[in-house]
Every structure is written in C-alpha cells, then in structure tokens.
Amino acid sequence: MKQELEQTLSKIVTELFDVTVAVEFTRPDEQFGDYATNIALQLSKQLGKNPREIAEALAAKLRDDSFMRIQSAEVAGPGFINLRLTDEALKQSAQAGFGDLHAGKRILLEYSCPNAFKELHTGHLYQTVAGDAIGKILEATGAQVYRANFGGDVGLHVAKCLYGIAQTIGGELPSKLSEVPEQSRAEWLSKAYVQGATAYEADAAAKSQIIEINNAVYLFHTMPDHESDLAQIYWTCRQWSYDYFKAFYERIEVAPFDKYYPESTTAEPGLKVVREHMGTVFAQSDGAVVYKGEDAGLHTRVYITSKGLPTYETKDTGVIYEEVADYSYDKRVIMTGNDQSEYMKVVFAALHAIDAELADKQYHITNGTVRFGNGEKMSSRLGNVTRAVDVLREVQNTVAAERPEAEAAEVALAAVKYSFLKHRLGGDIAFDIQESVSLEGNSGPYLQYAHARARSVLAKATASADDTQELTADERSLLRKLSEYGETVAKAADELMPHHICTYLYELAQAFNKFYEANRVVGNEREAIRVWLVGRYADILQNGLSLLGITAPDRM
RNA sequence: GCACCCGUAGCUCAGCUGGAUAGAGCGUUGGCUUGCGGAGCCAAAGGUCGUAGGUUCGAAUCCUGUCGGGUGCACCA
C-alpha cells in the first residue's frame, strides 16, 4: 500500500510539475492520519513556489484517486500532506505481504563463524541469533538465502590448543583422547586452548614449539596426513568441534547452515588469487606479501607471511571465491564483530582492485560486543569468557519455576533471542540476565504471552471472522497498527536490521492490550469484526516472532 | 599520531535517508483488581538529545571543531 501510494503521488508530481521525484510516505502521529509526506516542502525550493500551494494541488489530485483508497487528503502545518485511508484500504493493507524487495535474489549470508577447537561464547550466541533472524527476514522478502559458516580450523589458535592438549594428556598420545567424556569435550578443548595460549605468552620455548605445530597443521591439509600422532589428535578434536557446533545450533533452534567453509579449504583458493595478482594488486614487502591499502585511504595488510603462510586476509578472500563458485550469489552479506570493520574494508578494497563486480556484491554488517552488568568485555584468551551454554542454562533456570521443562526451554530461548534482537545491530549491547528473562515489558516472553492470550480469545469466540462491518474508532486504531506490519518487515529486510520488527511487535501488542482493555470481543454484538482483528493480530505476532526465530505457542 | 564506531530520562534502549508537542521498558509515585488469560491498562514525575558553532523555512537526525568512551592500524584470527 505504501509503495503504491508513493508511486501514485510520484506520477502526480510529474504530471503537475514536470519533475521526477521519489516520494516517501511516513507513518505520522495517529491524529494526522495514516500516511504523511513532506514532498511539497521538498519541492518548494526547486519549483520556487509556496509549499502549501504545492501541497494543495497534490492533495486535490489524491482525492480523485480512482482506486478508492483515500478517504481524505489534508494539507497541514507548513505543507505536509496527510492521508487517511478508507477502512477498506486499511484492511487490505493489514493483509498485505512484504513486497518484492529481494524477489529472485540469491543472497549468501555468512555469520556465526566460530573457530574449531574453541568454545562458543556469548558473542557467538548473539551473532548466531542475529544472523538467523536476518536470514529469515531476507527469505520473507523473497530471497533465496544460503547460510555459510566460515571458521578457523587452522592457525595459531589451533596450534595453541594442540600444545595444551599434549600438555594435558602427557604427550602426543591420540589413544588418550578416548578418556575424555563425550559431553565435556568442548570444555576440555577450551581448557587446553587457554593452557596453550598462556604458555605462548609466558614461555619462549613453548612459543617456538607452538609455531612449529602451526606449520605442521597446515601440512596435514596440503600433504594429507591422518596417520601421525599429532594428525590423529588434530582430526579427532576438529570433528569434536564440528559435532559440538551442530548440537548447539540445534539446541537454540536456528536454521542449519548450508555449508561450512573451514579455513583450511579456503587458504589454497585464496593463495591462488593472491599469486595471480602479484605485482599488480599485491606486493612484496619485508619478505611478506601485502596489499597496500594506503592508496585507498586505508592501511596495509599482510596476505602471506614472510614464512609463506596465508593469513586470515587470504583465507577470507578465498572464501569469497569459494562461495560465489558454489552459489553464484547476487549479494553476499558477512557479519562479524564491529572490531573488524576497518580490516574488512581493506579486504574489500583489495578485492575491488582484482574484481570490481564481485567486490560490489559484498556487504559487511557488524554486531557489537556483549557486555555484562559491570561493563566488562569478555576474552577467550584470558579464559574469562561467559560461555553460551552458561547463559542459556542461567536463563532457563530462572524461568523454570512452576513450569514444565519443555515450556521453560521455549520461554528461555524467546527471552534470550529477543533481548539480543531488540537492539539495533552494530553497537555494543548490555546483557543483564535478570532483565533479559523478565517476563514484563519489552521482552520475548511478553510477546509470546500476548499471542497465547489472543489465541485463547479466538478459541472462545462463536462468531466467525468477518471484516465487512464499519469500524469504531478503537477498532480502526488497532487496524492502523496492524497495517504497518508489511512495511516494517520490508524495512528490516532492506536495512538488515531485525530490531525494527521487535519494536513494531511490541508497539502492536501495546496497541492491542489497550484495545482489549476497553473493548469486549466474545459475546459482543461486534464480535465478528473483532474476531477478525484479533485473528490478524495473532497471526502477525506469530509470523513476526517466527522471523526472529522465536516460537509462538498457543498456550503457556 | 591516523582512522572507524558510540555519547538521547536515574538505568537499558528506540527514534538518525532533516520535518508537526523527543518515545518505550525497567525503576519511582498514584489509580484500575469477582479480568473474553492483569505477563495487562490508565495517570504522574523525570530529557537545554555530551558540548560549541555551521547549513536550512525547519536539526536528536547533515557538516566542522571540541570533550568523553570504545575499537582498529604488517606478518594473530
């Protein structure tokens, strides 16, 4: 409806004033109407005319709208045009889809991206939840979404972990691995990693040994080795990590990944690209191969170390090529922590010098750090990580009182996911367990409850849904809010910002509660139309929550 | 030193492609409590939108300076 109105008015402007403009309608305060535009104010200078005159001329044309959508078009203030839709048009709008923003588009979405040999911490949980929601929102607007998980299965962090493992089990003894209980494998690896990382910092001998292990691990891939003692430990523990990731994603009920791209598989294609552009894009410098970003106003980054090993830059370039080969995407969206935004600019700049068309398909979005009450940042290197499983357990324990276990799990997931998603993506977020599990106010459980309550009303209704009646002021007010759903999802998809949906759903629930407080549904003479409204409300809540990866049980 | 991000009510945050009296939750104070599920609703208090300029008919929103916080700047990922 919004899009159609914008196109209509845009045509009118061209007819009347012979200029081409993109008209934008916004949702004003309810007192002003259903839609508003300031297009007359914008045109005023360009046309050298009084904005109110322009607005009056446009409003007059809008009143003649042949589609019977507009009940009134008023000029207000300095030159706003306020539209009020007919009830019919508003009802249609409340049932409209999300637009065709991404229809037919193939979008590759890369997120979560944990490193093998490490535990998942709260940051991973946040990014996984956010990435999952973005994927669902893109799909809702017509995109074919491919979910990719790019993680480090080679590199110094792996070597540190392997070193720690050898220390823990008393040498490179693969047979000892069977003594590690299956359910504590991830934690065991994490402890080994911390041990290795600590030794790397404190002990020069350990450091050089770890560097040797790092070289050896690369060779396990390039000259396949599954037999040597260290290789056996490596491959076994690597698989432990992937099993653990998969189990975790299932537990938090996010969409499965279409493909994992371990860094070991992206190093070669990355190196190939770098070598092909030596001397043109990349240059030798102090024995290393670098891209000099200064030319693009950025900084220099190393692609191949002086020891000949590919860095993350090379692997990250490699994965771009692997993914486009697999899915021939129109657009690639990669999500990382916001500390990598400068880094990613350099990688994209280098890619632009290699293949501008491919570089133009790249979009980098970032998520902030999860901070806890005291403002401390987490660091896996220091071992003071708040593990994702701990957060989940803590939240679930808090909501578990007097509630069946299955339901507690549903509510806990809703609480955690919503408390992450309601913030605008990009900035750091404060995570307060007590607040996140709060069932009151702007929370996931509040919306789940609101949905269950609406379903309960519908179950009691005897009249069948019927939207043919004229509307009362309160009914229309609720319908107006319902009609904003489609454009809200379109906006969230366009900006890759799930929080718009959270904000909207919460406002919608408030609008409904306000309506419900003063207007009887079941047994009322207006039951049919109200049942229709409640039905739309429940459906929108359910659908909106599903886009956030949150379930909407009928009872709770 | 250079670059990027952030600074809105006591706290946590929306609002930021410039527009009509700056919004919400939590917390505080008061009211609604035999309700179709009160996990709710109504009301009050609380903000010179870090700060100083600039652009504009109009700035929380754009630009510049400045202060404060965070992050990143070659062989880690």
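Sequence lines set the chain letters: A, B, ... in the order given, protein chains first and strands last, and positions in each chain run from 1.
- Within the 4.0 angstrom heavy-atom criterion, no nucleotide atom of any strand lies near A/E507.
- When ring centroids are compared, A/Y200 and A/Y163 stay outside the 6.0 Å threshold.
- Counting any heavy atom pair closer than 4.0 Å across all strands shown, A/N214 reaches no nucleic acid atom.
- In summary, the aromatic rings of A/Y126 and A/F420 are positioned with their centroids under 6.0 Å apart.
- Across all strands shown, A/D153 has no heavy atoms under 4.0 Å from either base or sugar-phosphate atoms.
- The side chain of A/Y312 places no N or O atom within less than 4.0 Å of a non-bridging phosphate oxygen (OP1 or OP2) of B/A77.
- Ring-plane geometry between A/F117 and A/Y234 is classed as parallel, the angle between the planes falling under 30 degrees on a 0 to 90 degree scale with a further cut at 60.
- At the heavy-atom level, A/T311 lies under 4.0 Å from the strands shown only through sugar-phosphate atoms.
- Among the protein residues, A/A36 comes within range of the nucleic acid bases, having at least one heavy atom under 4.0 Å from a base atom.
- Residues A/Y260 and A/Y242 bring their aromatic ring centres within 6.0 Å.
- For the pair A/Y261 OH and B/A77 C1', the computed distance is 20 Å after rounding to whole Å.
- For the pair A/L425 CG and B/C6 C1', the interatomic distance rounds to 15 Å; values are reported in whole Å.
- The residue A/A76 sits close to a base: some heavy atom pair falls under 4.0 Å.
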